[in-house]
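As structure tokens, the structure follows; a few thoughts come after it.
Just so we're clear, the structure is a prediction, and the values are computed from it rather than from any experiment. Protein chains get the first letters and strands the later ones, always in sequence-line order, with residue 1 at the start of each.
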Amino acid sequence: MAKERSFTEKEGYFGDFGGRYAPEILTEALIELEETYLKLCKNKKFLKELEFYRKNYIGRPSPITFAERLTKAWGGARVWLKREDLNHTGAHKINNTIGQALIAKAMGKRRIIAETGAGQHGVATATVGAMFQFETAIFMGEEDLRRQKLNAIRMEMLGAKVIGVSSGTATLKDATSEAMRDWALNVSNTHYIVGSVIGPHPFPTIVRDFQRVIGDESKKQFKKANDKLPDAVVACVGGGSNAMGMFYGFLNDKKVKLYGVEAGGRGSAPGEHSATMLFGKTGFLHGTKTLVIQDDGGQVVPAHSVSAGLDYPGVGPEHAFLHSSGRVKYETVSDQGALDAFMEVCRIEGIIPALETAHAFRFAKDLAKELGKKKDILLCLSGRGDKDVAEVARLVGLYQGAEF
Amino acid sequence: MSAIRSVFSEKKSAFIPYISLGDPTYEACVGWADALIRGGADILELGIPFSDPVADGPVIQKAFKRALANPFSMEIVLETTAKIHALHPHVPLVYLTYFNPIFSYGFEKFAAEAKISGIEGMIIPDLPYDTPETENLFFSLQKRGIDLIHLVTPATAPSRMKGIRDFASGFIYYVTSYGVTGERAALSSGLEERIRMTQSLFSLPVSAGFGISNPEQAKEISEYADGIIIGSAVQRIIEENSYNPDLCRKKLEEYALSISKSLRGHR
């Protein structure tokens with residue numbers, strides 16, 4: 001974990017991005033969190049406990065799978081999948097919530113809160129809330145509650161209180177603001193489990209460190225299976241936690257091309273997409289300095305994506321740095337492209353991917369052709385798509401009129 | 001001594017109300033400001049609307065949402081400020097804003113134009129003192145005679161207050177309670193002790209805000225605080241009465257009078 005601290009990081013900054021731009025009321029809690037985390041990183045008991053839960057609760061290591069039928073159908077590079085969808089709760093989010101729950105326990109906090117878009121982070125937080133017996137509250141935009149009802153129900157079943165957020169655009173951005181407000185009020189007994197590599201320092205570092213298990217495992221597994229590294233690594237990017245975790249294992253391997261795929265939505269007009277790298281400008285949102293989709297007056301523009309997990313108008317500051325340095329290339333895939341890929345992967349490979357990951361699949365299809373045979377693409381299958389079936393069925397016209 | 005510092009005296013506590021610019025229109029805000037100053041405001045805080053005000057509670061969030069239904073530009077903010085300043089040039093005006101709109105505009109340009117519009121101080125809740133931007137902004141404002149006013153909270157350790165000292169001027173905004181802005185029935189315990197401790201660490205006046213809404217609370221806190229800041233209670237009057245501008249101005253003036261008369265050493 002922190003023993004190999006990022007070469008990109010200095011005092012909470014990644015190049016010009018990152019930092020701690022939170023209201024003063026939260027600053028002491030952020031400092032306490034940073035200090036606790038730095039100690040726990042070196043604490044053998046903590047690391048052993050984390051390893052125990054990774055193996056026995058999450059089900060790690062997750063396998064990598066050769067996607068034989070997709071490879072054949074796409075007619076280009078070989079496609080490999082890092083199967084984060086096989087984790088307990090069905091996505092990579094649990095890697096982070098287990099880690100942060102152990103930190104919260106070490107800090108003596110009794111309550112945890114989280115924000116969620118697609119609900120996978122909410123489910124993962126509710127899960128550790130039940131597992132470690134925390135009082136748990138999850139903030140979720142009203143629009144996302146509609147799109148991701150199944151996950152909201154799962155959270156309630158796990159004992160969490162789901163709080164609908166109707167302010168602003170009623171999506172992830174506003175759920176995040178509301179979670180920060182709750183934390184400001186209850187900071188003495190509450191830990192805020194930030195769900196992506198966003199927020200004020202030390203959150204982007206902590207979340208990345210808990211997610212880097214994806215890239216570290218992938219590298220070993222791929223090497224063992226192929227006696228080489230993949231030629232390209234692909235992951236979807238909203239806030240960017242699965243991508244950051246995946247890329248981190250390969251940042252120093254300059255021959256491995258890294259691609260982050262953002263939501264191109266319905267078009268290039270403001271409010272029609274979540275393509276932060278393409279359209280964002282440097283700014284300050286939710287406690288960090290990063291690229292933000294904003295208008296000329298510095299007001300944050302609502303983001304859109306068919307996937308509730310990607311429609312965030314910012315991106316993790318380390319991604320903003322990797323973009324500016326050119327180490328990672330960021331691309332976009334449209335809503336329709338993601339829906340097409342969703343159906344294609346279901347039918348060809350027998351896997352229902354999260355709509356977020358479907359963006360990465362759609363990009364990988366073109367990349368496979370571009371790279372050609374004898375090359376290898378490793379794609380992070382960040383989560384399973386059970387949560388998306390009702391929304392996709394509605395959008396593609398399956399089972400019209402059916403109640404889900 | 002800055003225009004803001006000169007407002008504070010040992011004999012009386014200053015009244016510092018807040019309004020969100022642009023709610024419901026920029027033109028109407030000039031009337032709200034006028035009424036509050038006529039009611040006894042010593043300093044006036046002007047909120048610059050922002051889409052994601054994480055330090056604010058529901059009343060100010062809603063005010064910003066209404067304000068952002070108007071086209072937003074820094075030019076209209078500065079023009080409105082200049083109109084308020086022209087009406088009452090002796091009352092210092094302070095911006096309360098999140099950092100992104102200023103950063104987007106360019107803070108050198110912003111500082112220069114804000115000064116011309118009549119701004120004497122800035123409060124930025126999401127810009128802690130220990131960032132590179134604070135240092136740059138502080139000196140940019142200082143050379144124009146604009147104060148950078150920092151928040152100190154119940155969670156701020158004395159060691160951190162010592163750090164804030166290097167980049168603070170005008171007054172200290174003491175946040176009376178945990179959480180976000182909004183009216184509260186009860187104030188946190190130990191408030192007097194914390195404010196006195198803050199006063200002892202800074203050679204600046206200490207004004208208390210967050211949660212204060214009625215004359216009784218204001219009177220009690222003014223016994224030891226150098227100023228009283230009231231935002232949400234003022235904004236609620238605007239929310240409830242702005243459909244009738246004359247009535248709204250009357251209510252704002254009456255409210256401001258009730259607070260200013262309750263403060264220690266009132267005029």
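- In terms of heavy-atom proximity, B/S51 sits nearest to A/Q299 at N-OE1, 2.8 Å.
- Per-residue counts of heavy-atom pairs under 4.5 Å with chain A were compared for B/P128, B/P58, B/G57, B/A55; the largest is that of B/P128.
- Among residues at least two apart or in separate chains, ring-ring contact (aromatic ring centres under 6.0 Å, His included) pairs with a member in residues 49-84 of chain B are B/F50-B/Y98.
- Proximity to chain B among residues 104-112 of chain A is not found for any residue, judged by heavy-atom separations below 4.5 angstrom.
- Contact annotation for B/T134: neither backbone nor side-chain heavy atoms come within less than 4.5 Å of a heavy atom of chain A.
- In terms of heavy atoms, A/Q294 sits closest to B/N100 at OE1-ND2, 2.9 Å.
- Contacts between B/P53 and chain A at a heavy-atom distance below 4.5 Å involve backbone atoms as well as side-chain atoms.
- A/L285 has its side chain within reach of B/D52: a pair of non-hydrogen atoms, C-beta onward, lies under 4.5 Å apart.
- Scanning residues 225-234 of chain B against chain A with a 4.5 Å heavy-atom cutoff picks out nothing at all.
- Only the side chain of B/I164 has a heavy atom closer than 4.5 Å to any heavy atom of chain A.
- For a residue to count as touching a neighbouring chain, one of its non-hydrogen atoms must lie under 4.5 Å from one of that chain's; by this rule A/T282 touches chain B with backbone and side chain alike.
- The OG1 atom of B/T131 sits 14.0 Å away from atom NE2 of A/H201, with the distance rounded to the nearest 0.5 Å.
- The interface of residues 18-30 of chain A with chain B, defined by heavy-atom distances below 4.5 Å, comprises A/R20, A/Y21, A/A22, A/P23, A/E24, A/I25, A/T27, A/E28.
- Across every non-hydrogen atom of A/S167 and B/Q61, the tightest pair is CB-OE1, 3.7 Å.
- Heavy-atom minimum distance, B/P132 versus A/Y13: CD-OH, 3.2 Å.
- Contacts between A/V187 and chain B at a heavy-atom distance below 4.5 Å involve the side chain alone, from C-beta outward.
- One finds the OG atom of B/S73 at 10.5 Å from the CG atom of A/D296 (value rounded to the nearest 0.5 Å).
- Nearest approach of A/I31 to B/R160, heavy atoms of both residues: CD1-NH1, 4.1 Å.
- Annotation: the span from B/I124 atom CD1 to A/F284 atom CZ amounts to 10.0 Å, rounded to 0.5 Å.
- For B/E75, no part sits under 4.5 Å from any heavy atom of chain A, backbone or side chain.
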